[in-house]
Amino acid sequence: MNPDYRIIARTPAIEDYRRLRAISGLTPRSAEAAAVGLPNTVFAVVIENLAGEAVGMGRVIGDGGLFFQIVDIAVDPAHQGRGLGKAVMAALVEHLRATVPAEAYISLIADGEAHRLYAQYGFQPTAPASIGMALFLRPDAA
């Protein structure tokens, strides 16, 4: 990895999590939701620049044995194009290969051209055998 950065195995702080999601184009998340969700992380990495600022992240969530999902892959646009996304993915996949049962199902959702990055780590489209689906819960606007 680029010597101007270091990768640390840890869950991002709420503020860093929310900032990185927002500036990298991912759906913003509330501090309240992040406070509940982040402690349930199975494994995560944060990339810091030399000043100690979080400029990238990625997490694994799941049940610990059967199913895992890679989420929150985000790199500050000012630091993109330096292999940081690859470093995040490599660390997450390396951890999964070393720690989860062989029959575990590991999934992710690839937005836009991100599928090209994920394919480098062995991820393949599941369609047409299966398709990703989602339910987005929104508070009533009453």
Side-chain angles (χ1 to χ4, degrees), residues 1-140:
M1 188 170 73
N2 185 315
D4 292 337
Y5 302 92
R6 64 181 178 168
I7 191 163
I8 303 163
R10 71 169 169 85
T11 301
I14 293 170
E15 301 79 25
D16 292 331
Y17 174 81
R18 295 184 67 227
R19 177 180 53 80
L20 286 170
R21 281 191 64 90
I23 64 175
S24 66
L26 298 178
T27 305
R29 299 294 185 201
S30 70
E32 296 78 17
V36 172
L38 290 175
N40 296 305
T41 299
V42 171
F43 180 73
V45 295
V46 173
I47 295 183
E48 293 181 350
N49 63 15
L50 294 177
E53 177 187 24
V55 297
M57 67 176 180
R59 296 190 313 133
V60 175
I61 60 173
D63 64 15
L66 298 169
F67 297 93
F68 297 86
Q69 187 172 31
I70 293 178
V71 297
D72 298 325
I73 305 297
V75 176
D76 181 329
H79 299 271
Q80 290 177 2
R82 299 175 189 172
L84 303 183
K86 288 180 181 180
V88 168
M89 280 301 296
L92 298 179
V93 171
E94 179 180 306
H95 174 80
L96 289 166
R97 288 187 189 281
T99 62
V100 307
E103 70 268 22
Y105 184 82
I106 302 165
S107 63
L108 55 76
I109 299 294
D111 294 333
E113 293 299 309
H115 67 92
R116 297 181 193 285
L117 169 64
Y118 305 140
Q120 295 175 40
Y121 297 92
F123 288 86
Q124 303 171 17
T126 59
S130 60
I131 61 168
M133 298 177 74
L135 168 65
F136 297 98
L137 300 177
R138 302 282 188 245
D140 291 340

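Throughout, numbering of the chain's residues begins at 1 and tracks the sequence.
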- Under the side-chain contact (heavy atoms from CB on, under 4.5 Å) rule, what do Val75 and Val55 come out as? Steps first, then yes or no, please. CA-CA 6 Å; Val75 176; Val55 297; 5.8 Å; no
- Query: Leu108 and Val71: side-chain contact (heavy atoms from CB on, under 4.5 Å), yes or no, with the steps?
  - Reply: CA-CA 7 Å; Leu108 55 76; Val71 297; over 6 Å; no
- Supply the atom-to-atom distance Ile106 CD1 to Leu96 CG, rounded to the nearest 0.5 angstrom. 4.5 Å
- Query: Taking atom CD1 of Ile47 and atom CZ of Arg82, what is their separation to the nearest 0.5 Å?
  - Reply: 11.5 Å
- Message: Under a 3.5 Å distance rule, please check whether Thr41 uses its side chain to pair with a backbone N or O of Ala44 as donor and acceptor.
- Response: no
- Item | Sequence-distant partners of Thr27, side-chain hydrogen bond (donor to acceptor under 3.5 Å, both in side chains), two or more places apart | none
- Message: Working to the nearest 0.5 angstrom, can you tell me the gap between Lys86 NZ and Asn2 CG?
- Response: 13.0 Å
- Nearest heavy atoms of Ile7 and Ala91, plus distance in Å: CD1-CB, 3.8 Å
- Task: Using salt bridge (Lys or Arg N to Asp or Glu O under 4.0 Å) as the criterion, list what pairs up with Arg6, not counting sequence neighbours.
- Result: Glu48
- Note on the structure: On a heavy-atom basis, the closest approach of Asp76 and Arg19 is OD2-NH1, 4.3 Å
- Starting at OG1 of Thr99, measure out to CZ of Phe43 and round the result to the nearest 0.5 Å. 8.0 Å
- Item | Nearest non-hydrogen partners of Asn49 and Tyr5, listed with the distance | CA-CD2, 3.8 Å
- Item | Gap separating the CE atom of Met89 from the CD1 atom of Ile70, nearest 0.5 angstrom | 4.0 Å
- Message: Apply ring-ring contact (aromatic ring centres under 6.0 Å, His included) to residues Phe123 and His115 and explain how you reach the verdict.
- Response: CA-CA 8 Å; Phe123 288 86; His115 67 92; over 10 Å; no
- Query: Looking only at heavy atoms, which two atoms of Ala74 and Leu20 are closest? And how far apart?
  - Reply: CB-O, 3.8 Å
- Item | Ile73 vs Arg59 side-chain heavy atoms within contact, under 4.5 Å | no
- Near Arg10 CZ, under 6.0 Å, is it more than 12 heavy atoms from other residues, nucleotides or ligands? yes
- Query: With side chains defined as the heavy atoms from C-beta onward, is the minimum distance between Asp16 and Ile14 less than 4.5 Å?
  - Reply: no
- Task: Indicate whether any N or O donor in one side chain lies under 3.5 Å from an N or O acceptor in the other, for Tyr17 and Arg29.
- Result: no
- Message: Taking CD in Glu94 as the centre, count heavy atoms belonging to other residues, nucleotides or ligands within less than 6.0 Å. Is the count above 12?
- Response: no
- Partners meeting side-chain contact (heavy atoms from CB on, under 4.5 Å) with Val42 (sequence neighbours left out): Val60, Phe68
- Which distance, rounded to the nearest 0.5 Å, do you find between the CG of Asn40 and the CG of Asp63? 12.5 Å
